[in-house]
Participant: 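Please find one structure pasted underneath; my questions will follow.
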Amino acid sequence: MSAAEEAGVFHRARGRTLDSFSSEKEREWKGPFYFIQGADPQFGLMKAWATGDCDNGGDEWGQEILLAEQAVQAVNKLNPKPKFFVLCGDLVHAMPGRPWRKEQTEDLQRVLGTVDRDIPLVLVSGNHDVGNVPTPETITEFQRTWGDDYFSFWVGGVLFLVLNSQFLYDASRCPALKQEHDHWLDQQLRTARQRTCRHAVVFQHIPLFLRSIDEDDDYFNLTKALRKEMADKFVEAGIKAVFSGHYHRNAGGTYRNLDMVVSSAIGCQLGKDTHGLRVVVVTAEKIVHRYYSLDELNEKGIEDDLMDLLKEN
């Protein structure tokens, strides 16, 4: 147990669920709600990217600390409070075993420790968190530091699944763990398929695709054959949306009524988007989302048209 957990800074997923929510009480639809999605705070990338050395750079992360603090400040100001705040991976930049990983992790935990105690954190593993090619050791380290690398939870009648997308990218050094993950996912999708939930939503770091199911393979998406297989599984189980990060730009598309949402980063931007967060409103019939810059969300809050959706019965 880490010092952050001992101090009760935030709950971690354990036993493949998040004890911030009672699975029994939360299985019933009680009306519209919203949550906040962020991605890629990735402490250290801005310096590494600026110096052109993403493998070995990243010895400074003061800018990312300020951005993460701004993100937390924006979330804490929101009224009503979001049901939860999910971070879709790449929490820090330093890969497992690399210099500055411990320091980056401690600084991020300190910032996340200031999130309002009434807003549970949902932490998703990214490639920088468990390694591009994860091993049993890197998975164990993530679990010890941040909690389970995959799990499910219910909120307000909606089933949320958190996946470890590195198992989908390259599990060559931990095939048994991937098999366990895939078996667990099949079980969860069977639950979703029974349609006892109002909606079902997936969180993962690497997007299935950036804009189209048929796009070419890329560092930032899953391989074409696998993405099609996963997307079809999700559609058949009734998954409404997949929320991801990894791209450090906003993107996304649809496939057979599945909404693939790719959110830009809290930290380093690789395109023309701003450092930001996504507001996601869940109503009885639909899931509506909008990306806000950190400045916008801090200064103006959520726009009226989204707030009005929360008043619907």
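Bear in mind that the values here come from a model prediction, so they are computed numbers and not experimental data. The figures that follow rest on heavy atoms only: side chains count, while hydrogens, waters and symmetry mates do not.
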Participant: When you measure from the side chain of Asp217 to the backbone N and O of Thr223, does any donor-acceptor pair fall under 3.5 Å?
Facilitator: no
Participant: Strictly distance-based, threshold 3.5 Å: is any side-chain N or O of Thr283 a donor or acceptor partner for the main-chain N or O of Lys286?
Facilitator: yes
Participant: When you look at Val281 and Ile287, which way does the side-chain contact (heavy atoms from CB on, under 4.5 Å) test go after all the steps?
Facilitator: CA-CA 6 Å; Val281 178; Ile287 296 174; over 6 Å; no
Participant: Are the side chains of Asp218 and Tyr247 in contact, using a 4.5 Å heavy-atom criterion?
Facilitator: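 They are not in contact (no side-chain heavy atoms under 4.5 Å apart), so the answer is no.
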Participant: Before you tell me yes or no, could you show the steps for Leu161 and Leu189 under side-chain contact (heavy atoms from CB on, under 4.5 Å), namely the whole-Å CA-CA distance, both residues' side-chain angles and the distance that decides it to 0.1 Å?
Facilitator: CA-CA 9 Å; Leu161 307 181; Leu189 294 178; 4.0 Å; yes
Participant: I would like to know whether Arg98 and Asp55 meet salt bridge (charged side-chain N to carboxylate O under 4.0 Å, His left out); could you show each step before the answer?
Facilitator: CA-CA 9 Å; Arg98 302 296 295 171; Asp55 290 334; over 6 Å; no
Participant: Test: ring-ring contact (aromatic ring centres under 6.0 Å, His included). Region: residues 259-305. Which pairs qualify, not counting sequence neighbours?
Facilitator: Phe243-His289
Participant: Where is the tightest heavy-atom contact between Val75 and Leu277, given as atom of each residue plus distance?
Facilitator: CG2-CD1, 3.8 Å
Participant: Pairs under 3.5 angstrom only: tabulate donor-acceptor contacts from the side chains of residues 233-241 to other protein residues two or more places apart or in another chain.
Facilitator:
from   : atom 1 : to     : atom 2 : distance (Å)
Lys233 : NZ     : Asp186 : OD1    : 3.2
Lys240 : NZ     : His199 : ND1    : 2.8

Participant: Would you say that Gln63 contacts Leu66 through its side chain, given a criterion of any heavy-atom pair below 4.5 Å between the two side chains?
Facilitator: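 Of all side-chain heavy-atom pairs linking Leu66 with Gln63, none is under 4.5 Å.
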Participant: Specify the closest pair of heavy atoms between Thr138 and Pro96, including all atoms of both residues, with the distance to one decimal.
Facilitator: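 Looks like CG2-CB, 3.7 Å.
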Participant: Is the Phe35 ring parallel, tilted or perpendicular to the Phe84 ring (thresholds 30°, 60°)?
Facilitator: parallel
Participant: Do the side chain of Thr254 and the main chain of Asp259 share a donor and acceptor less than 3.5 angstrom apart?
Facilitator: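 Answer holds: no.
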Participant: Taking only residues two or more places apart in sequence or in another chain, which ones pass side chain to side chain contact (heavy atoms under 4.5 Å, CB included) with Thr105?
Facilitator: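 Per chain and number, Thr105 pairs via side chain to side chain contact (heavy atoms under 4.5 Å, CB included) with Val92, Arg101, Gln109, Thr145, Trp146.
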Participant: Would you mind reporting whether Lys47 and Asp59 have side-chain heavy atoms less than 4.5 Å apart?
Facilitator: yes
Participant: With salt bridge (Lys or Arg N to Asp or Glu O under 4.0 Å) as the rule and sequence neighbours excluded, what pairs involving residues 292-303 come up?
Facilitator: Arg290-Glu303
Participant: Does Gln73 have more than 12 heavy atoms from other residues, nucleotides or ligands lying within 6.0 Å of its CD?
Facilitator: yes
Participant: Phe220, Leu87: one ILVMFWY side-chain cluster at the under-4.5 Å cut-off?
Facilitator: yes
Participant: Honestly curious: do Val133 and Val130 fall in one hydrophobic cluster under the side-chain, below-4.5 Å linking rule?
Facilitator: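 Per the 4.5 Å side-chain linkage, Val133 and Val130 are not co-clustered.
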Participant: How about Val86 and Val162: do any of their side-chain heavy atoms sit closer than 4.5 Å?
Facilitator: no
Participant: Supply the atom-to-atom distance Leu168 CG to Leu208 CG, rounded to the nearest 0.5 angstrom.
Facilitator: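 Reported to 0.5 Å precision, the distance equals 8.5 Å.
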Participant: Taking His248 for its side chain and Leu270 for its backbone only, find out whether a donor-acceptor pair lies under 3.5 Å.
Facilitator: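 Side chain of His248 to backbone of Leu270: no pair is present.
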Participant: For the hydrophobic clusters of this structure (ILVMFWY residues joined by side-chain heavy atoms under 4.5 Å, transitively), does one cluster hold both Leu210 and Val242?
Facilitator: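 Yes.
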Participant: With side chains defined as the heavy atoms from C-beta onward, is the minimum distance between Leu45 and Trp61 less than 4.5 Å?
Facilitator: no
Participant: I'd like to know if the side chain of His205 reaches the main chain of Cys88, judged simply by a donor and an acceptor atom lying under 3.5 Å from each other, with no hydrogens or angles considered.
Facilitator: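 Answer holds: yes.
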Participant: How long is the straight-line distance from CZ of Phe151 back to CG of Leu123, given to the nearest 0.5 Å?
Facilitator: 7.0 Å
Participant: In chain order, what residues pass the side chain to side chain contact (heavy atoms under 4.5 Å, CB included) check against Tyr169, with sequence neighbours excluded?
Facilitator: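 Residues passing side chain to side chain contact (heavy atoms under 4.5 Å, CB included) with Tyr169: Gln166, Ile206, Tyr219.
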Participant: Please check: side-chain N/O of Glu64 versus main-chain N/O of Pro41, any donor-acceptor pairing under 3.5 Å?
Facilitator: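 Flag not set: sc Glu64 to bb Pro41 has no pair under 3.5 Å.
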Participant: For residues Arg27 and Trp154, report the shortest heavy-atom separation together with the two atoms involved.
Facilitator: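 Residues Arg27 and Trp154, closest heavy atoms: NH1-CZ2, 3.3 Å.
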Participant: Give a yes or no on whether Asn257 atom CG has more than 12 heavy-atom contacts from other residues, nucleotides or ligands under 6.0 Å away.
Facilitator: no
Participant: Measure from NZ or CZ of Arg227 to the centre of the six-membered ring of Tyr255, then state whether that distance is under 6.0 Å and the direction lies within 45° of the axis.
Facilitator: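 The answer is no, since Arg227 fails at least one limit relative to Tyr255.
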Participant: Decide yes or no on side-chain contact (heavy atoms from CB on, under 4.5 Å) for Tyr150 and Ser125, but give the supporting numbers first.
Facilitator: CA-CA 8 Å; Tyr150 60 92; Ser125 63; over 6 Å; no
Participant: Considering all heavy atoms of both residues, which atom of Ala39 and which atom of Gly245 are nearest to each other, and what is their separation?
Facilitator: CB-CA, 3.7 Å
Participant: In Å, rounded to the nearest 0.5 Å, how long is the span from CD1 of Ile213 to CG of Leu258?
Facilitator: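 If I round to the nearest 0.5 Å, the distance is 8.0 Å.
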Participant: Show every salt bridge (Lys or Arg N to Asp or Glu O under 4.0 Å) that has at least one partner inside residues 152-175, sequence neighbours left out.
Facilitator: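 Sorted result for residues 152-175: empty, none.
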Participant: Please check if the number of heavy atoms outside Glu285 that lie under 6.0 Å from its CD is greater than 12.
Facilitator: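 Incorrect, the count does not exceed 12.
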Participant: Can you tell me how far the CD1 atom of Ile139 sits from the CZ atom of Arg144, to the nearest 0.5 Å?
Facilitator: 12.0 Å
Participant: Hey, is the main chain of Leu91 close enough, under 3.5 Å, to the side chain of Gln42 for a donor-acceptor pair?
Facilitator: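 No; zero donor-acceptor contacts below 3.5 Å.
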Participant: Count the heavy atoms belonging to other residues, nucleotides or ligands that lie under 6.0 Å from CD of Gln143, then report whether that count exceeds 12.
Facilitator: yes
Participant: Do Met46 and Leu67 pass the side-chain contact (heavy atoms from CB on, under 4.5 Å) test, and can you show the C-alpha distance, the side-chain angles, and the key distance before you say yes or no?
Facilitator: CA-CA 11 Å; Met46 293 177 81; Leu67 289 163; 3.9 Å; yes
Participant: Taking the side chain as every heavy atom from C-beta outward, state whether Val155 and Val158 have any pair of such atoms under 4.5 Å apart.
Facilitator: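 With C-beta onward as the side chain, the pair stays apart.
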Participant: Quick one: closest heavy-atom pair of Pro80 and Leu310, and the distance?
Facilitator: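 What the structure gives for the nearest pair is CG-CD1, 4.4 Å.
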Participant: Drop me the distance from Leu177's CG to Thr140's OG1, to the nearest 0.5 angstrom.
Facilitator: 7.5 Å
Participant: Just how far is it from atom CG of Leu112 to atom CZ of Phe85, taken to the nearest 0.5 Å?
Facilitator: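 Atom-to-atom, Leu112:CG and Phe85:CZ are 7.0 Å apart.
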Participant: With a 4.5 Å cut-off on side-chain heavy atoms, are Leu108 and Gln104 touching?
Facilitator: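 A side-chain contact is absent here, since even the closest heavy-atom pair is not under 4.5 Å.
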Participant: Does a side-chain heavy-atom distance below 4.5 Å link Ser264 with Gln269?
Facilitator: yes
Participant: Heavy atoms only: give me the nearest Arg278-Val262 pair and the separation to one decimal.
Facilitator: NH2-O, 3.6 Å
Participant: Is there a donor in the side chain of Glu137 and an acceptor in the side chain of Thr135, or the other way round, less than 3.5 Å apart?
Facilitator: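 Result is yes, a qualifying pair exists.
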Participant: Taking the basic N atoms (NZ, or NE/NH1/NH2) and the acidic carboxylate oxygens, is any pair closer than 4.0 Å for Arg110 and Glu106?
Facilitator: no
Participant: With under 30° as parallel and over 60° as perpendicular, where do the rings of Phe160 and Phe153 fit, or are they tilted in between?
Facilitator: parallel
Participant: Checking the side chain of Arg256 only, and the main-chain atoms of Asp232 only, is there a donor and an acceptor separated by less than 3.5 Å?
Facilitator: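 The answer is no, because no donor-acceptor pair under 3.5 Å joins these two groups.
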Participant: Has Gln37 got a side-chain atom pairing as donor or acceptor with Ser244's backbone, closer than 3.5 angstrom?
Facilitator: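 Yes.
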Participant: Using a strict 4.0 Å threshold on nitrogen-to-oxygen distance, state whether Arg16 and Asp149 make a salt bridge.
Facilitator: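 Yes, charged N to carboxylate O under 4.0 Å.
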Participant: Got a sec: does the CH2 of Trp49 have more than 12 other heavy atoms crowding it under 6.0 Å?
Facilitator: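 Counting other residues, nucleotides and ligands, CH2 of Trp49 stays at 12 neighbours or fewer.
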Participant: Looking only at atom types and distance, does a side-chain atom of Asp273 sit under 3.5 Å from a main-chain N or O of Arg249, one as donor and one as acceptor?
Facilitator: no
